[in-house]
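The block underneath contains the structure these notes are about, expressed in structure tokens.
Computed from heavy atoms alone, side chains included, the values below leave out hydrogens, waters and symmetry copies.
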Amino acid sequence: MRPAPTILHLDMDAFYASAEQAAKPSLRGKAVVVGGLGPRGVVATASYEARRLGVHSAMPTAQARRLAPNAAYLVPRFSLYRTVSEQVMELLGRLSPLVEPLSLDEAFVDLEAGGTADDSASARATGEGLRTAIHAVTGLSGSVGLAGSKMLAKIASEEAKPDGLLLIEPGTERELLAPMSVRILPGVGPATGDHLRRAGMTTVHDLAEAGEAELVRLVGKAHGHGLYRMALGLDDRPVVAERDAKSVSVEDTFDVDLHDRVRVRAEVERLAVRCVERLRAADRSGRTVVLKVRRYDFSTLTRSETLRGPTDDPTVVREAAGRLLESVDTTGGVRLLGVGVTGLADYTQEDLFAQAADARELAQRAQEHSSPPVEGGEESVPEPEPDSAELLAARRWPAGHDVHHEEHGHGWVQGSGVGRVTVRFEEPLSAPGRVLTFRVDDPLLRPADPLPLVRDAADYSSWPASLPKSRSGADSSGGGESSP
């Protein structure tokens, strides 16, 4: 534990939904849900207006629609979110060389390592200045937690939401944590929380009072020891600038179970190519290809194949994934497929052509030994299930995505169906726009890139030295208070 609250945790408020509201004037102040929109879709983020109706992350979209039938349901626009995330992370990098991103919208910062804070007053001023900069550069808000440890800084940012700042003074940790639910502690999920509740422990105070020996008896030695330390507010984990990825993977959940074996293989090959694209974007290669198959009955199977060397060749990964698929029974239907690569390295196998040739030879041998003979000497290959016109329209015109019409300008898709696509024409800095409907094949309508959320953002090239210390002019003394 540090003697000063110089570890900062930033969590952008309802990030995806807030970005969509900033981009779409007609949705500001309204319930917005971002996530998968199909029958098996899951909520990625809900705006605070939607959360008041009971919608939350990881909830099935179908359940969210029952709770908030009038909300705007949008497909994620990751290109926009990544752009905004890069702007935020660049600002964090000005504060310290030790920035530990946890996701697109969340990160730890070691202010002491950057020389930007060494006591409560300077830490609070830096946190307020960060919130000011983020709002000026991105138009969005973020909540900041400041404490002497990563655990407490994250708890503080959660308590400060939305758009607030909470500083936990060293020495006040146990008093702050005592009345909180055990679920506030890292690693205490629903199952562990329920187990502790049955033992009569519902608050952090209960855990501290129970003692380490009792917690070890209840949840095991490793978890019990860590749980007791956290209940006392103790956490010595450092902020790590680079968190090395252990794997790269992509997966898709299908609205309707796939039964056609040819279609399943085509989806696996498509996922393999996407996986390699991510691998190359990270300047990495991998040695082990992993296939994930979730069947109609929710049973999940994984298969893996280790290559003779690391690769980022899409042919090698695609064909390895195809071989793995041959060992999986997909009778009854497939609801989810995933392809991943593990055993990452920053170099590739030199003889990629030979490796790809070996892969093809292995596949051919496997086919020769496993394919059953059919009447007439030829295999009967079923045709893949054709995509419906509605599905094709939804893929071309996802709800919430940007479009441009040659006559009406920039807008976004409100929805599509029955051969039509409905567009609201507005921009981030315009007034709420009008709504028009077009044929899905209208030659004047095309997909477009997202527009910047902020025009003529303030110049923060010399930040943090030149940054105003507070948006609100609030007193920077004291601690343990939330600054809205």
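Between the side chain of His9 and the backbone N or O of Ala156 there is no donor-acceptor pair closer than 3.5 Å. In this structure a side-chain-to-backbone donor-acceptor pair under 3.5 Å is present from Ser47 to Val32. Put simply, the side chain of Ser143 gets close to the backbone of Asp163: a donor and an acceptor are under 3.5 Å apart. Without hydrogens or angle criteria, Ser85 side chain to Tyr81 main chain gives no donor-acceptor distance under 3.5 Å. Side-chain atoms of Arg197 do not come within 3.5 Å of backbone N or O of Thr202 as any donor-acceptor pair. At least one donor-acceptor pair closer than 3.5 Å links the side chain of Thr203 to the backbone N or O of Asp206. Remark: the backbone N or O of Arg318 is not paired with any side-chain donor or acceptor of Glu269 at under 3.5 angstrom. Within the 3.5 Å criterion, the main-chain N or O of Glu305 finds no donor-acceptor partner in the side chain of Thr288. In this structure a side-chain-to-backbone donor-acceptor pair under 3.5 Å is present from Arg183 to Val188. Remark: the backbone N or O of Leu111 is paired with a side-chain donor or acceptor of Thr116 at under 3.5 angstrom.
Taking each heavy atom of Arg237 and Lys150 in turn, the nearest pair found is O-CD, 3.3 Å. Across every non-hydrogen atom of His401 and Pro76, the tightest pair is NE2-O, 2.9 Å. Minimum interatomic distance between Leu324 and Arg303 (heavy atoms only, all atoms of both residues): CD1-O, 3.6 Å. Val239 approaches Val109 most closely through the heavy-atom pair CG2-C, 4.4 Å. When all heavy atoms of Leu177 and Met230 are compared, the pair lying nearest together is CD1-O, 3.8 Å. Residues Met12 and Ile134 approach most closely at CE-CG2, 3.7 Å, considering heavy atoms.
Within 6.0 Å of atom CD in Glu90, more than 12 heavy atoms from other residues, nucleotides or ligands are found, so the atom counts as buried in its surroundings.
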Before giving the answer on salt bridge (Lys or Arg N to Asp or Glu O under 4.0 Å), spell out for Asp257 and Arg40 the whole-Å C-alpha distance, their side-chain angles and the decisive distance to 0.1 Å. CA-CA 10 Å; Asp257 290 348; Arg40 294 170 179 167; 2.6 Å; yes
Between Asp449 and Ser79, is a side chain to side chain contact (heavy atoms under 4.5 Å, CB included) present by the stated rule, with each step listed? CA-CA 8 Å; Asp449 293 328; Ser79 60; over 6 Å; no
Working note: Asp252 + Arg274, criterion salt bridge (Lys or Arg N to Asp or Glu O under 4.0 Å); need CA distance, chi angles, decisive distance, verdict. CA-CA 11 Å; Asp252 273 347; Arg274 283 176 53 195; 3.2 Å; yes
When you look at Arg270 and Glu267, which way does the salt bridge (Lys or Arg N to Asp or Glu O under 4.0 Å) test go after all the steps? CA-CA 5 Å; Arg270 180 179 62 83; Glu267 293 292 342; 2.4 Å; yes
Carefully, step by step, assess His56 and Arg51 under the rule side chain to side chain contact (heavy atoms under 4.5 Å, CB included). CA-CA 6 Å; His56 58 77; Arg51 295 181 189 189; 5.7 Å; no
Show your working on side chain to side chain contact (heavy atoms under 4.5 Å, CB included) between Thr45 and Phe15 and close with a plain yes or no. CA-CA 7 Å; Thr45 306; Phe15 182 46; 5.7 Å; no
Between Glu159 and Leu176, is the side chain to side chain contact (heavy atoms under 4.5 Å, CB included) condition met? List the steps. CA-CA 11 Å; Glu159 292 294 304; Leu176 177 77; over 6 Å; no
Side chain to side chain donor-acceptor pair (under 3.5 Å), that's the test. Do Arg294 and Thr300 meet it? Break it down for me. CA-CA 4 Å; Arg294 181 165 296 152; Thr300 301; 2.9 Å; yes
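At a cut-off of 3.5 Å, with distance as the only test, no side-chain donor of Ser285 or Thr311 sits close to an acceptor on the other residue. Judged by distance alone, the side chains of Ser141 and Asp13 do bring a donor and an acceptor atom under 3.5 Å apart.
In this structure Ser299 satisfies the side-chain contact (heavy atoms from CB on, under 4.5 Å) test together with Arg295, Asp297, sequence neighbours excluded. With sequence neighbours excluded, the residues that form a side-chain contact (heavy atoms from CB on, under 4.5 Å) with Ala231 are Val204, Leu207, Ala208.
Under the side chain to side chain contact (heavy atoms under 4.5 Å, CB included) test applied with Leu146, the options Leu165, Leu166, Ile7, Thr126 reduce to a single match, Leu165.
The side-chain heavy atoms of Leu453 and Leu80, taken from C-beta on, include a pair separated by under 4.5 Å. Residues Val293 and Leu337 are in side-chain contact: their nearest non-hydrogen atoms beyond the backbone lie under 4.5 Å apart. In this structure, Ser120 and Pro5 have side chains that are in contact, with non-hydrogen atoms separated by less than 4.5 Å. Counting heavy atoms from C-beta outward, Leu325 and Arg261 have side chains that approach closer than 4.5 Å. Annotation: side chain of Leu37 is in contact with side chain of Val75 (closest heavy-atom distance under 4.5 Å). Between Arg265 and Glu326, the closest side-chain pair of non-hydrogen atoms falls below 4.5 Å. At a threshold of 4.5 Å between non-hydrogen side-chain atoms, the residues Lys24 and Leu74 count as touching. Considering only heavy atoms from C-beta on, Leu291 stays 4.5 Å or farther from Leu301 through its side chain.
For the pair Arg335 and Phe298, the cation-pi test (distance below 6.0 Å, angle within 45°) is passed.
Remark: Glu128 CD to Leu167 CG distance equals 10.0 Å, nearest 0.5 Å. Between the CG atom in Leu234 and the CE atom in Met151 there is a gap of 7.5 Å [rounded to 0.5 Å].
Tyr16 and Phe78 have perpendicular rings, their planes meeting at more than 60° on a 0 to 90° scale where under 30° would count as parallel.
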